[in-house]
Amino acid sequence: MSAAASPAVAQQFDRRVGAAVREGLAARPKRLPAWLFYDEAGSRLFDAITELPEYYLTRTERGILAAHAAAMIAQAAGDERLRARLRIVELGAGSADKTRLLLKAATDLQETVLYEPVDVSASALDEAKERIKREIAGVTVTPRVMDYTHGDGGRLHLGPVDCRERRLVLYIGSSIGNFEPQQAQQLLRRVRAGLETGDSFLLGVDLVKEDSILLPAYDDAAGVTAAFNRNLLLRLNRELDAEFDPHAFAHRAVWNPTESRIEMHLMSCAAQRVRVGALDLTMSFAAGESIHTENSYKYKPGQAEALLAETGFRSEATWTDTRGWFAVCLGRAE
Ligand code: AVJ
(Lines give C-alpha, C1' and ligand atoms only; values in the text may rest on other atoms or scores of the structure.)
Protein backbone atom coordinates (compact mmCIF):
# COMPACT_ATOMS: atom_id res chain seq x y z
CA MET A 1 0.00 0.00 0.00
CA SER A 2 2.52 2.64 1.00
CA ALA A 3 4.83 1.30 -1.70
CA ALA A 4 2.10 1.76 -4.29
CA ALA A 5 1.33 5.27 -3.06
CA SER A 6 4.95 6.44 -3.10
CA PRO A 7 7.28 3.93 -4.73
CA ALA A 8 10.18 6.39 -4.76
CA VAL A 9 9.91 7.39 -1.12
CA ALA A 10 10.63 3.94 0.26
CA GLN A 11 13.90 3.97 -1.70
CA GLN A 12 14.89 7.40 -0.49
CA PHE A 13 15.43 6.75 3.20
CA ASP A 14 18.48 8.26 4.85
CA ARG A 15 21.31 5.73 4.51
CA ARG A 16 22.79 6.69 7.87
CA VAL A 17 19.49 6.04 9.61
CA GLY A 18 19.07 2.73 7.79
CA ALA A 19 22.59 1.56 8.64
CA ALA A 20 22.27 2.55 12.31
CA VAL A 21 18.95 0.72 12.66
CA ARG A 22 20.18 -2.40 10.89
CA GLU A 23 23.27 -2.54 13.09
CA GLY A 24 21.56 -1.64 16.36
CA LEU A 25 18.71 -4.14 16.01
CA ALA A 26 21.15 -6.91 15.06
CA ALA A 27 23.17 -6.31 18.25
CA ARG A 28 22.45 -8.22 21.50
CA PRO A 29 21.20 -6.55 23.59
CA LYS A 30 19.38 -4.55 20.92
CA ARG A 31 20.16 -0.85 20.81
CA LEU A 32 19.51 2.31 18.81
CA PRO A 33 21.77 5.40 18.87
CA ALA A 34 20.52 8.46 20.77
CA TRP A 35 21.08 10.84 17.84
CA LEU A 36 18.07 9.17 16.19
CA PHE A 37 15.81 10.94 18.70
CA TYR A 38 16.21 14.29 17.00
CA ASP A 39 13.97 14.40 13.98
CA GLU A 40 11.59 17.33 13.89
CA ALA A 41 9.06 15.76 16.27
CA GLY A 42 11.82 14.56 18.59
CA SER A 43 13.46 17.99 18.73
CA ARG A 44 10.10 19.50 19.70
CA LEU A 45 9.60 16.84 22.39
CA PHE A 46 13.10 17.52 23.73
CA ASP A 47 12.30 21.24 23.98
CA ALA A 48 9.19 20.26 25.98
CA ILE A 49 11.34 18.05 28.25
CA THR A 50 13.57 21.01 29.11
CA GLU A 51 10.55 22.76 30.63
CA LEU A 52 9.32 19.84 32.75
CA PRO A 53 9.39 20.33 36.53
CA GLU A 54 11.35 17.06 36.93
CA TYR A 55 13.97 17.92 34.30
CA TYR A 56 16.27 20.05 36.45
CA LEU A 57 19.21 20.09 34.00
CA THR A 58 18.27 22.96 31.70
CA ARG A 59 17.09 25.34 34.37
CA THR A 60 20.01 24.54 36.65
CA GLU A 61 22.55 25.20 33.92
CA ARG A 62 20.69 28.33 32.87
CA GLY A 63 20.96 29.57 36.46
CA ILE A 64 24.72 28.97 36.46
CA LEU A 65 25.11 30.81 33.15
CA ALA A 66 22.89 33.68 34.30
CA ALA A 67 25.03 34.14 37.42
CA HIS A 68 28.45 33.68 35.82
CA ALA A 69 28.31 34.40 32.08
CA ALA A 70 30.37 37.58 32.46
CA ALA A 71 33.07 35.74 34.45
CA MET A 72 33.14 32.89 31.93
CA ILE A 73 33.56 35.26 29.00
CA ALA A 74 36.21 37.32 30.81
CA GLN A 75 38.13 34.17 31.72
CA ALA A 76 38.03 32.94 28.12
CA ALA A 77 39.14 36.32 26.76
CA GLY A 78 42.14 36.38 29.07
CA ASP A 79 43.56 39.16 31.21
CA GLU A 80 43.10 42.73 30.18
CA ARG A 81 46.56 43.54 28.79
CA LEU A 82 46.61 40.51 26.50
CA ARG A 83 42.91 40.28 25.90
CA ALA A 84 41.90 38.80 22.56
CA ARG A 85 38.62 39.14 20.72
CA LEU A 86 36.48 36.05 21.14
CA ARG A 87 34.75 34.16 18.39
CA ILE A 88 32.17 31.73 19.77
CA VAL A 89 31.50 28.27 18.31
CA GLU A 90 28.75 26.08 19.74
CA LEU A 91 28.58 22.33 19.16
CA GLY A 92 25.10 20.84 19.02
CA ALA A 93 23.61 24.30 19.30
CA GLY A 94 19.98 23.24 18.77
CA SER A 95 17.75 26.19 19.63
CA ALA A 96 20.69 27.95 21.38
CA ASP A 97 18.43 29.20 24.15
CA LYS A 98 20.90 29.33 27.05
CA THR A 99 23.68 30.51 24.75
CA ARG A 100 22.08 33.93 24.56
CA LEU A 101 23.32 34.62 28.10
CA LEU A 102 26.92 34.09 26.96
CA LEU A 103 26.45 36.06 23.73
CA LYS A 104 25.03 38.97 25.71
CA ALA A 105 28.05 38.86 28.05
CA ALA A 106 30.40 38.76 25.05
CA THR A 107 28.82 41.83 23.43
CA ASP A 108 29.07 43.63 26.79
CA LEU A 109 32.82 43.02 26.72
CA GLN A 110 33.67 43.56 23.05
CA GLU A 111 30.58 45.12 21.46
CA THR A 112 30.36 42.67 18.54
CA VAL A 113 30.85 38.92 18.39
CA LEU A 114 30.89 36.27 15.72
CA TYR A 115 28.79 33.25 16.68
CA GLU A 116 29.08 29.97 14.78
CA PRO A 117 26.47 27.46 15.91
CA VAL A 118 27.12 23.93 14.64
CA ASP A 119 24.33 21.39 14.42
CA VAL A 120 23.08 18.58 12.21
CA SER A 121 19.68 20.23 12.04
CA ALA A 122 19.56 23.10 9.52
CA SER A 123 16.05 24.06 10.63
CA ALA A 124 17.09 24.42 14.29
CA LEU A 125 20.03 26.60 13.21
CA ASP A 126 17.86 28.87 11.06
CA GLU A 127 15.46 29.39 13.93
CA ALA A 128 18.30 30.12 16.35
CA LYS A 129 19.82 32.60 13.89
CA GLU A 130 16.59 34.55 13.43
CA ARG A 131 15.93 34.73 17.13
CA ILE A 132 19.46 35.88 18.04
CA LYS A 133 19.46 38.50 15.25
CA ARG A 134 16.21 39.86 16.65
CA GLU A 135 17.17 39.77 20.31
CA ILE A 136 20.87 40.58 20.69
CA ALA A 137 22.49 43.48 18.86
CA GLY A 138 26.10 43.02 17.81
CA VAL A 139 26.02 39.27 17.18
CA THR A 140 26.77 38.00 13.68
CA VAL A 141 25.49 34.44 13.33
CA THR A 142 27.14 32.07 10.86
CA PRO A 143 25.46 28.66 11.24
CA ARG A 144 27.28 25.56 10.11
CA VAL A 145 25.39 22.38 9.32
CA MET A 146 27.81 19.67 10.34
CA ASP A 147 27.82 16.41 12.23
CA TYR A 148 30.53 17.13 14.77
CA THR A 149 30.15 13.66 16.37
CA HIS A 150 31.23 11.58 13.38
CA GLY A 151 34.33 12.96 11.95
CA ASP A 152 36.96 12.35 9.47
CA GLY A 153 39.27 11.10 12.17
CA GLY A 154 41.75 13.71 13.31
CA ARG A 155 40.28 17.09 13.98
CA LEU A 156 37.19 19.19 13.91
CA HIS A 157 37.32 21.63 10.99
CA LEU A 158 36.39 25.01 12.35
CA GLY A 159 37.85 27.22 9.63
CA PRO A 160 40.41 30.02 9.94
CA VAL A 161 40.31 32.85 12.47
CA ASP A 162 41.93 36.25 12.52
CA CYS A 163 45.28 36.07 14.38
CA ARG A 164 43.96 38.62 16.91
CA GLU A 165 41.02 36.38 17.75
CA ARG A 166 40.59 33.46 20.08
CA ARG A 167 37.98 30.80 19.80
CA LEU A 168 35.66 29.84 22.61
CA VAL A 169 33.97 26.51 21.90
CA LEU A 170 30.76 25.82 23.82
CA TYR A 171 29.61 22.31 24.53
CA ILE A 172 26.91 22.83 27.10
CA GLY A 173 23.61 21.22 28.08
CA SER A 174 25.15 17.90 29.17
CA SER A 175 25.34 16.83 25.53
CA ILE A 176 28.63 15.11 26.38
CA GLY A 177 26.53 12.84 28.64
CA ASN A 178 25.44 10.75 25.66
CA PHE A 179 29.02 9.56 25.09
CA GLU A 180 30.77 6.66 26.75
CA PRO A 181 33.95 7.75 28.54
CA GLN A 182 36.19 6.65 25.65
CA GLN A 183 34.06 8.35 23.00
CA ALA A 184 33.91 11.50 25.12
CA GLN A 185 37.70 11.56 25.26
CA GLN A 186 37.91 11.05 21.52
CA LEU A 187 35.49 13.87 20.82
CA LEU A 188 37.36 16.32 23.08
CA ARG A 189 40.67 15.38 21.45
CA ARG A 190 39.20 16.12 18.04
CA VAL A 191 37.94 19.48 19.29
CA ARG A 192 41.36 20.26 20.79
CA ALA A 193 43.06 19.34 17.50
CA GLY A 194 40.86 21.91 15.72
CA LEU A 195 41.93 24.70 18.13
CA GLU A 196 45.03 26.83 18.67
CA THR A 197 46.87 27.07 21.97
CA GLY A 198 45.13 29.72 24.07
CA ASP A 199 41.64 29.01 22.69
CA SER A 200 39.12 27.77 25.24
CA PHE A 201 36.38 25.23 25.71
CA LEU A 202 33.32 25.51 27.95
CA LEU A 203 31.84 22.15 28.95
CA GLY A 204 28.52 21.61 30.79
CA VAL A 205 28.07 18.31 32.65
CA ASP A 206 25.31 16.90 34.81
CA LEU A 207 26.57 15.65 38.17
CA VAL A 208 25.81 12.45 40.09
CA LYS A 209 23.03 12.92 42.64
CA GLU A 210 20.42 10.81 44.46
CA ASP A 211 18.48 8.53 42.14
CA SER A 212 15.26 9.93 43.60
CA ILE A 213 16.15 13.13 41.69
CA LEU A 214 17.75 11.51 38.63
CA LEU A 215 15.05 9.00 37.77
CA PRO A 216 12.00 11.31 37.59
CA ALA A 217 14.02 13.62 35.29
CA TYR A 218 13.99 10.74 32.78
CA ASP A 219 10.54 9.40 33.62
CA ASP A 220 8.30 12.40 34.15
CA ALA A 221 4.71 12.30 35.39
CA ALA A 222 3.30 13.89 32.22
CA GLY A 223 4.90 11.19 30.05
CA VAL A 224 6.80 13.58 27.78
CA THR A 225 10.05 11.61 28.09
CA ALA A 226 8.15 8.39 27.33
CA ALA A 227 6.77 10.05 24.19
CA PHE A 228 10.29 11.25 23.29
CA ASN A 229 11.61 7.69 23.66
CA ARG A 230 8.73 6.14 21.68
CA ASN A 231 9.08 8.75 18.94
CA LEU A 232 12.13 6.75 17.88
CA LEU A 233 9.82 3.91 16.82
CA LEU A 234 7.46 6.34 15.10
CA ARG A 235 10.44 7.75 13.23
CA LEU A 236 11.33 4.27 11.99
CA ASN A 237 7.71 3.83 10.92
CA ARG A 238 7.81 7.14 9.02
CA GLU A 239 11.26 6.89 7.48
CA LEU A 240 11.91 3.17 7.11
CA ASP A 241 8.43 1.92 6.47
CA ALA A 242 8.54 0.01 9.77
CA GLU A 243 5.43 -1.30 11.54
CA PHE A 244 6.13 -0.70 15.23
CA ASP A 245 3.16 -0.32 17.53
CA PRO A 246 4.74 2.22 19.92
CA HIS A 247 2.41 1.24 22.73
CA ALA A 248 3.60 -2.36 22.56
CA PHE A 249 6.84 -0.97 24.04
CA ALA A 250 7.16 0.48 27.55
CA HIS A 251 9.39 3.42 28.43
CA ARG A 252 12.02 2.52 31.04
CA ALA A 253 14.56 4.75 32.77
CA VAL A 254 17.19 2.98 34.87
CA TRP A 255 20.03 4.34 37.02
CA ASN A 256 23.18 2.27 36.45
CA PRO A 257 25.46 3.19 39.36
CA THR A 258 28.41 1.09 38.14
CA GLU A 259 28.57 3.01 34.87
CA SER A 260 27.32 6.24 36.46
CA ARG A 261 24.62 6.70 33.87
CA ILE A 262 20.90 6.89 33.35
CA GLU A 263 19.84 4.41 30.70
CA MET A 264 16.70 4.66 28.65
CA HIS A 265 15.12 1.56 27.20
CA LEU A 266 12.04 0.58 25.22
CA MET A 267 10.79 -2.71 26.61
CA SER A 268 8.69 -5.03 24.47
CA CYS A 269 5.48 -5.70 26.42
CA ALA A 270 4.90 -9.04 24.67
CA ALA A 271 6.56 -11.43 22.25
CA GLN A 272 6.18 -9.79 18.84
CA ARG A 273 7.57 -9.60 15.34
CA VAL A 274 8.01 -6.25 13.63
CA ARG A 275 8.71 -5.64 9.98
CA VAL A 276 11.06 -2.86 8.82
CA GLY A 277 10.04 -2.51 5.18
CA ALA A 278 12.85 -0.34 3.81
CA LEU A 279 15.46 -2.72 5.24
CA ASP A 280 13.53 -5.81 4.17
CA LEU A 281 13.89 -7.08 7.71
CA THR A 282 11.62 -8.68 10.31
CA MET A 283 12.71 -8.35 13.93
CA SER A 284 11.60 -10.63 16.78
CA PHE A 285 11.22 -9.35 20.30
CA ALA A 286 10.75 -11.58 23.35
CA ALA A 287 8.34 -10.43 26.05
CA GLY A 288 10.37 -8.14 28.35
CA GLU A 289 13.22 -7.73 25.85
CA SER A 290 14.44 -4.18 25.56
CA ILE A 291 16.02 -1.82 23.07
CA HIS A 292 18.65 0.34 24.77
CA THR A 293 18.05 3.82 23.36
CA GLU A 294 20.18 6.21 25.41
CA ASN A 295 22.93 6.64 27.97
CA SER A 296 23.10 9.86 29.91
CA TYR A 297 26.33 9.90 31.92
CA LYS A 298 26.48 11.71 35.23
CA TYR A 299 29.86 13.08 36.29
CA LYS A 300 31.46 12.99 39.72
CA PRO A 301 32.94 16.24 41.01
CA GLY A 302 36.37 16.69 39.43
CA GLN A 303 35.68 14.24 36.60
CA ALA A 304 34.98 16.82 33.89
CA GLU A 305 38.17 18.64 34.89
CA ALA A 306 40.09 15.34 34.60
CA LEU A 307 38.59 14.72 31.16
CA LEU A 308 39.72 18.18 30.03
CA ALA A 309 43.22 17.55 31.38
CA GLU A 310 43.44 14.21 29.55
CA THR A 311 42.50 15.75 26.22
CA GLY A 312 44.87 18.68 25.92
CA PHE A 313 43.20 21.37 28.00
CA ARG A 314 44.26 23.04 31.24
CA SER A 315 41.18 23.15 33.44
CA GLU A 316 40.96 26.76 34.61
CA ALA A 317 37.62 27.22 36.35
CA THR A 318 34.43 25.42 37.34
CA TRP A 319 31.09 27.04 38.11
CA THR A 320 28.29 25.14 39.79
CA ASP A 321 24.89 25.72 41.42
CA THR A 322 24.36 25.84 45.18
CA ARG A 323 23.07 22.25 45.26
CA GLY A 324 26.02 20.95 43.25
CA TRP A 325 23.75 19.38 40.63
CA PHE A 326 25.42 20.63 37.46
CA ALA A 327 28.86 21.96 36.55
CA VAL A 328 30.23 24.22 33.82
CA CYS A 329 34.01 23.93 33.34
CA LEU A 330 36.39 26.08 31.33
CA GLY A 331 39.43 24.45 29.75
CA ARG A 332 42.27 26.27 28.00
CA ALA A 333 43.89 24.60 24.98
CA GLU A 334 47.51 23.98 25.97
C1 AVJ B 1 20.27 16.24 25.41
C2 AVJ B 1 21.65 14.40 26.07
C3 AVJ B 1 21.44 16.30 27.49
O4 AVJ B 1 20.65 13.19 28.53
O5 AVJ B 1 19.47 14.62 29.63
C6 AVJ B 1 16.54 14.11 27.97
C7 AVJ B 1 18.63 13.98 26.45
N8 AVJ B 1 17.04 12.20 27.17
N9 AVJ B 1 15.65 13.23 28.41
C10 AVJ B 1 19.90 14.16 28.58
C11 AVJ B 1 17.44 13.46 27.18
C12 AVJ B 1 15.94 12.08 27.93
C13 AVJ B 1 19.51 14.87 27.27
N14 AVJ B 1 20.70 15.41 26.56
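Atoms within a ligand are numbered from 1 in the order they appear, just like the ligands themselves. Positions are given from 1 along the sequence. Quick caveat: nothing in here was measured; it's all calculated off a predicted structure.
- Of all the atoms in ligand 1, the ones that sit under 4.0 Å from a non-hydrogen atom of Phe228 are 8 (N), 12 (C).
- Asn295 places none of its side-chain heavy atoms less than 4.5 Å from the side chain of Glu259.
- Residue Asn178 places no N or O, backbone or side chain, under 3.5 Å from any N or O of ligand 1.
- Asp219 is linked by a side-chain contact (heavy atoms from CB on, under 4.5 Å) to His251, Ala253, counting only residues two or more places apart in sequence or in another chain.
- Residues satisfying the side-chain contact (heavy atoms from CB on, under 4.5 Å) criterion with Thr282, sequence neighbours excluded, are Arg273, Arg275.
- Under a 3.5 Å cut-off, the side chain of Arg192 and the backbone N or O of Leu195 do form a donor-acceptor pair.
- When heavy-atom distances to ligand 1 are checked against a 4.0 Å cut-off, Tyr38 comes that close only through its side chain, counted from C-beta outward.
- Not a single donor-acceptor pair under 3.5 Å links the side chain of Glu239 to the backbone N or O of Asp14.
- Nearest to atom 8 (N) of ligand 1 among the protein's heavy atoms is Glu294 OE1, 2.6 Å.
- Set against the non-hydrogen atoms of Phe46, the atoms of ligand 1 under 4.0 Å away are 1 (C), 6 (C), 7 (C), 13 (C).
- Counting heavy atoms closer than 4.0 Å to ligand 1, residue Phe37 contributes nothing at all.
- The single protein non-hydrogen atom nearest to atom 14 (N) of ligand 1 is Tyr55 OH, 4.2 Å, given as residue, atom name and distance.
- Protein heavy atom nearest atom 3 (C) of ligand 1, with residue, atom name and distance: Gly173 O, 3.1 Å.
- Taking the six-membered ring for Trp and the full ring otherwise, Phe228 and Tyr38 have centroids separated by under 6.0 Å.
- The shortest N or O to N or O distance between Ser296 and ligand 1 is below 3.5 Å.
- Under the 4.5 Å side-chain criterion, counting only non-hydrogen atoms from C-beta, Asn229 is in contact with Phe37.
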